[in-house]
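We name chains A, B, ... by the order of the sequence lines, and we start the count at 1 in each one. The structure displayed is predicted, hence computed values, not measured ones.
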Amino acid sequence: MPEKVHTHFGDSDEDSFTQTPNPVSDQVAGQEIARKKRRSKKRKHDETADNTQPRNGESIPDPEPVPIAKPTIKEFTPEGKPGDIPQPPPTKTQVAKHETKSKPKSFSDTKTNFAPLRERANALYELRKKLPIFGHADEIRHKLRAHDVMLLVGETGSGKSTQIPQFLVNEFWCRPTPAQIPKEDGSTRSATVGGCIAITQPRRVAAITLARRVAEEMGTPLGSSSPASKVGYAVRFDTSVSPSTRIKFLTEGMLLQEMLHDPWLTKYSAVVVDEVHERGINVDLTVGFLRNLVSGKKEGRGGVPLKVVVMSATADMESLTGFFQEGFKIQEREQKHVSNGDAAEKKETAKEIAACHIKGRQFPVKTIYSPEPVHDFVDAALKVIFQIHYKEPMPGDILVFLTGQETVEALEHLVNEYATGMDPSLPRIQVLPLFAALPQVAQQRVFQPAPPRTRKVILATNIAETSVTVSGVRYVVDCGKAKVKQFRTRLGLDSLLVKPISKSAAIQRKGRAGREAPGQCFRLYTEKDYLTLDETNTPEILRCDLSQALLNMKARGVDDIVRFPFLTRPPREALEKALLQLLNIDALQDSGKISDIGLQIAKLPLTPTLGRVLLAAAENGPDCLIDVIDIISCLSVENIFLNTTSEEKKEAAEMARRDLYRREGDHLTMLATVRAYASENADRKAWAERHLVSHRAMQSVMDVRKQLRTQCRQAKLLPRDDGSNHTSDPAPILILQSFLRGFGTNTARLVPDGSYRTVVGNQTVAIHPSSVLYGKKVEAIMYNEFVFTNRSYARGVSAVQMDWVGEALAG
DNA sequence: TGGGGATTT
């Protein structure tokens, strides 16, 4: 059987698929490089010779990792070295026995650990010196002394995320500075501004692991483990900082949240925004607020400047430079109106935007395109996997990018089937699926080394593009597609469709083959198709519902949304729709200003709609609120019910969950699940397994629930002592009516032909198969999500009465 | 009859 696969593939045009990149490919890559060179010449900032090299590694011939730039200075300034943090003098406790380690943490105990920390840091220093960015330390420090904003393009493996904060932390401008901050009444108050560096990350794990690494490199304990710790992190549900934290890694969402309470970011001397190229909505908002901050008068900081470093792997430098320059230009124009400023002249250099390019440390990856368009990429991937396995030496695992769980599982079966008939003298194949919905234990298998004489074949969604790094991969197979969620403003509907990826995503996928050795990337599409791909991913801000983003802006005092500095401006229609949505839930006054309700909602870690539901439930009393919090907690995490792939499993799941299902719909079913899980005191994990409920998801539910209960108590929506011993029967009608206050427009009624039509818009919608109401016919339904995949589906569905809907829509 | 991937004092 494998032979057949192999020959068949070879028949089509074996050479094209097994050869080195064809001349056309090289030519085009060359043109791309030439274009980049021309563009970079236009830049007036200092540049290193590195900049003119091809940046994306498309056709780098180097057989070795990119050589490291020579350090520009021979001796390092003391601030770059590990161990320059104040070290306690050696004392008797320091040589004390090991028992102290296992004792509860206290200051004196951690002192004991400083010596080993320092040793480790000294060892790591040797590795740090080899990072491509290391030789740029002085250049970077120098530029940031003169400029407030710096853009830094650093390819994968350049070391930017760990080194930049260490380069900057001992700069003079990074010290806490006494300042006079004007108060509303015209007087001033004394305060200390700055002293700390924030580094934002799109993902929680990245923030935590980077903090851990930098603490190690600096020879300091991590976060709250010691009051002397210099490095900490802050992500939702897990903050670890100390009074002496100087470097803090946090998620973008966390920094936005901090800005809600401290709009001037007075704790910080610098904010480093990492991974900007991913363009999640939070990073767009972050750079928007930061631009206002650096180009404004900084009165809330007592005039102390804030340094901003924007870092990206594949930056569109022109647009980011233009973005920050525009901010300074606007400020200049406004200042000229006020004074005939010659004071403005002096500060001119600070207002230029510095730039810095750092080469990555990446091995060359050969690109092999499909000679012809591929119609069935699962089939094509199967052939390429075996072609690699037959021809290419061991070791070298294969990473295949597919679109979703369905294609991953289909290919998993096919590969296993063909592998059984393989020549026994060949190395074996181990197929490992990887997608977000996969239980954690199964995901972990991807990181375990393969058994001897076995090649790992990892079948992944685009979780492997950014979130998860698998070692040992030398071959990437890229189907060229991904599922993309797009919010359609006009219909108020999310669609999840398979679409071609962007060039930068294709380059990112390819790069996964060159992390440890030279590699190969098989693209299951033609080179012509590659050239027609969009340059970059569509920023999330153009693809999502904007109501939460707008409410956050309003809560920060941005009344005029149109004047907000968007890195990419969403279409007017999308902004208007979001404003209308906020008006509908009373989060805004008719004037467009934020209302008291809006302010309360903005403080909740929820979508505005769910926030509105929570406040409505509070009006129905604490019992109702406690129950609604349980449901909202489920709605704001991943699916709590495990997937049922086969018919058998589905039946087993229905049996196991029978006692949880509620005829009122998914909302009360979730409530029953949370209540049952929470009251299970013996073994919650076993309980979850028995009921085919995701334990991981339920742990998140409990975290959210705790957070929401705490916030509700602080907001006096719940009495102080209530909550834990709540046992009264739920009141389904009150609960569902609370939900209708937020989801009144997400309703559909049954029409005579047996289908459901939306109350607003009269569109056909079907109940999603994952719903407990699937196949049921009720007077009307309310749903949390309206999604289009193969057809329009309502997800998160409960039965409601039409007169409740009428009341909710009437307000 | 079906769920790309993140994230929030």
_Donor-acceptor pair between A/Q257 and A/R236 side chains, under 3.5 angstrom_ = no
Pick base, sugar-phosphate or nothing for A/S770, based on heavy-atom distances below 4.0 Å to the nucleic acid.
base
* To do: Verify whether the ring centers belonging to A/Y774 and A/H768 lie closer than 6.0 Å.
  => no
| request: For A/E638, report the nucleic acid contact type (base, sugar-phosphate, nothing); a contact means any heavy atom under 4.0 Å. | output: nothing
Ranking B/dG2, B/dG5, B/dT8 by distance to the side chain of A/I463, first place goes to B/dG5
Against the side chain of A/R203, the closest entry in B/dT9, B/dT7, B/dG5 is B/dT7
Practice item. Answer with base, sugar-phosphate or nothing: what part of the nucleic acid does A/R791 contact at a heavy-atom distance below 4.0 Å? Key: nothing
note: A/Q201, atom CD; B/dT8, atom P; distance rounded to Å ~ 12 Å
Between A/K485 and A/E540, does any side-chain N to carboxylate O distance fall below 4.0 Å? no
Assess A/R523 against A/Y530: is NZ or CZ under 6.0 Å from the centre of the six-membered ring, and within 45 degrees of the ring's axis?
yes
Exercise for the section: For B/dG5, take OP1 and OP2 only and decide whether either is under 4.0 Å from a side-chain N or O of A/S467. Expected result: no
note: A/L434, atom CG; B/dG4, atom P; distance rounded to Å ~ 13 Å
- State whether A/R204 places a side-chain N or O below 4.0 Å from either non-bridging phosphate oxygen (OP1 or OP2) of B/dT8. yes
note: A/D494, atom CG; B/dG4, atom C1'; distance rounded to Å ~ 12 Å
Per the under-4.0 Å heavy-atom filter, residues of residues 478-487 of chain A near DNA chain B come out as A/K483, A/K485
Regarding the side chain of A/T789, the nearest nucleotide among B/dG3, B/dT8, B/dA6 is B/dG3
So is A/R556 actually on top of A/F289's ring, under 6.0 Å and inside 45° of the axis?
yes
Whichever of A/A234 and A/E540 has the more 5' nearest nucleotide on DNA chain B, that residue is A/E540
Rounded to whole Å, the CD-P distance (A/Q548 to B/dT8) equals 12 Å
note: A/N537, atom CG; B/dG4, atom P; distance rounded to Å ~ 17 Å
>> Over all strands shown, is A/V787 touching base, sugar-phosphate only, or nothing at heavy-atom distances under 4.0 angstrom?
In response: nothing
Checklist entry - According to a strict under-4.0 Å criterion, is A/R795 in side-chain N/O contact with OP1 or OP2 of B/dG2? => result no
Of the candidates B/dT9, B/dG5, B/dG3, the side chain of A/M254 sits closest to B/dT9
note: A/Y793, atom OH; B/dT1, atom P; distance rounded to Å ~ 7 Å
A/N639 CG to B/dG5 P, in whole Å, measures 13 Å
Does A/Q443 reach the main-chain N or O of A/A436 with its side chain, forming a donor-acceptor pair under 3.5 Å? yes
Separation between OG (A/S595) and CG (A/L588), nearest 0.5 Å, reads 6.5 Å
Among the nucleotides B/dG2, B/dT9, B/dG5, whichever has the atom closest to the side chain of A/A436 is B/dG5
Looking at B/dT8, I'd like to know if its phosphate oxygens (OP1 or OP2) sit under 4.0 Å from a side-chain N or O belonging to A/T251. yes
_Quick one about A/T469 and A/R512 (side-chain donor to acceptor, distance below 3.5 Å, no hydrogens or angles considered), yes or no?_
yes
- Any side-chain N or O of A/Q405 less than 4.0 Å from the OP1 or OP2 oxygen of B/dG2? no
A/L438 CG to B/dG3 P, in whole Å, measures 17 Å
